[in-house]
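Here the structure comes first, spelled out in structure tokens, and everything after it is commentary.
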Amino acid sequence: MDDLRIKYIDAIAAAADEAALEELRLQAVGKKGEVSLKMRELGKMTPEERQVAGPALNALKNEINSALAAKKVALADAALDARLATEWLDVTLPARNRRVGTIHPISQVTEEVTAIFADMGFSVAEGPQIETDWYNFDALNIPGHHPARAEMDTFYTHRAEGDERPPHVLRTHTSPVQIRSMEKTGAPIRIICPGRVYRADYDQTHTPMFHQVEGLALGRDISMANLKWVLEEFFSAFFGTEVKTRFRASHFPFTEPSAEVDIQCSWEGGTVKVGEGDDWLEVLGSGMVHPKVLEAGGIDPNEYQGFAFGIGIDRLAMLKYGIPDLRAFFDSDLRWLRHYGFASLDQPTLHGGLNR
Ligand code: PHE
């Protein structure tokens, strides 16, 4: 028994890892281990012999088991120490800077435009981007055979075969929101409708998706003069300087008379500056709402009249912030977004300032 004790206690002390330890456990106190076999021999002994050998074997078994348990703990501690010595963390290092996202110029300009018109009593209205052809065309006095339909490079949605209804369209302008708003609130009304619009077109100043803000003001005696004042007021507030406008007679099916509006600018060294010089830049379409359009919106043209306009938001952003290529607006290039984006705390208000 003494031999066994020395043999195993020494071996356990010398075990290099848990696997070696388990091996020793099986050899000593496993079912067929040396100590276990000795215990089976107890049956062949005389009662006197057994009284001595039994407790001694039990004590040996307990001693080996505790040695195994103690060595197991020691091995685990050593493994942890080894790990701690190689894996370490310098908690005194300064934290990494986290990049904060920016507000896209389109969002920024939309907020600016909204703030200015809100100050003039316009509220914001919205409509769907997938429109029926009635709201996008017919209600706006653009019948099926009208050339304006073809000119708009419209995206049509798909209809199942055999379904003869006219397809829905991706709205080609924000003007359908005029009709939806008239139906909803009637007249008098004073709204702007910013949003996405779609046309199949792609070059430096055109993308298949772009942004407009529609304006609509109806009352008993709203005139072209009111339109001119509102737009001039808007441009001066938006560009932060007095901006001259030029109204050119034009044609839209949904307004009569119609005018395209240019703003005063200068071209120097390939960059455009608004509010100076003697060049002109077209920025919007406008006019007095056509009686047929009022009727389509459920409003009596003998009682109410007013103006509407549609401004390109992307164009405004390019002009105000000197961004030369429209396509980059929608490339999701992080370098571009960080350069042209706005801090989220920079939100425009009339009193806080609309210009950085
Ligand atoms: N809907 C026209 C366009 O997209 C703009 C416009 C709106 C013109 C309202 C007149 C009145 O070009």
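Whatever order the structure lists ligands and atoms in, that order sets their numbers, starting from 1. These values consider heavy atoms only, across backbone and side chains, with no hydrogens, waters or symmetry-generated copies.
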Check: Is atom CD of Q51 surrounded by more than 12 heavy atoms (other residues, nucleotides or ligands) closer than 6.0 Å?
Finding: no

Margin query: Give me the residue, atom name and distance of the protein heavy atom closest to atom 5 (C) of ligand 1.
Written below: G310 CA, 4.1 Å

Check: Is there any N or O on Q212 that sits under 3.5 Å from an N or O of ligand 1?
Finding: yes

Note to self: Looking at E63, I want to see if its CD is surrounded by more than 12 non-hydrogen atoms of other residues, nucleotides or ligands under 6.0 Å.
What the structure shows: yes

Checklist line | F235, F238, F234 screened by ring-ring contact (aromatic ring centres under 6.0 Å, His included) with F117, the one that passes | finding: F234

Next item on the list: Check each of Q178, H173, R199 against atom 12 (O) of ligand 1 and report the one with the nearest heavy atom.
Entry: R199

Checklist line | Heavy atom of the protein closest to atom 2 (C) of ligand 1 (residue, atom name, distance) | finding: F254 CZ, 3.7 Å

Margin query: If only side-chain N and O atoms count, and only distance matters, is there a donor-acceptor pair under 3.5 Å linking E214 with S175?
Written below: yes

Notebook entry, point to check: With only distance considered, is S286 within less than 3.5 Å of ligand 1 through an N or O on each side?
Noted result: no

Notebook entry, point to check: Quick one: which ligand 1 atoms are inside 4.0 Å of a heavy atom on S175?
Noted result: 1 (N), 7 (C)

Next item on the list: Check ligand 1 against A308 and write out every atom of the ligand that is under 4.0 Å from a heavy-atom position of the residue.
Entry: 9 (C), 11 (C)

Check: Does a donor on one side chain and an acceptor on the other come within less than 3.5 Å for D278 and S266?
Finding: no

Check: Does the gap between the ring centers of H211 and F330 come in under 6.0 Å?
Finding: yes

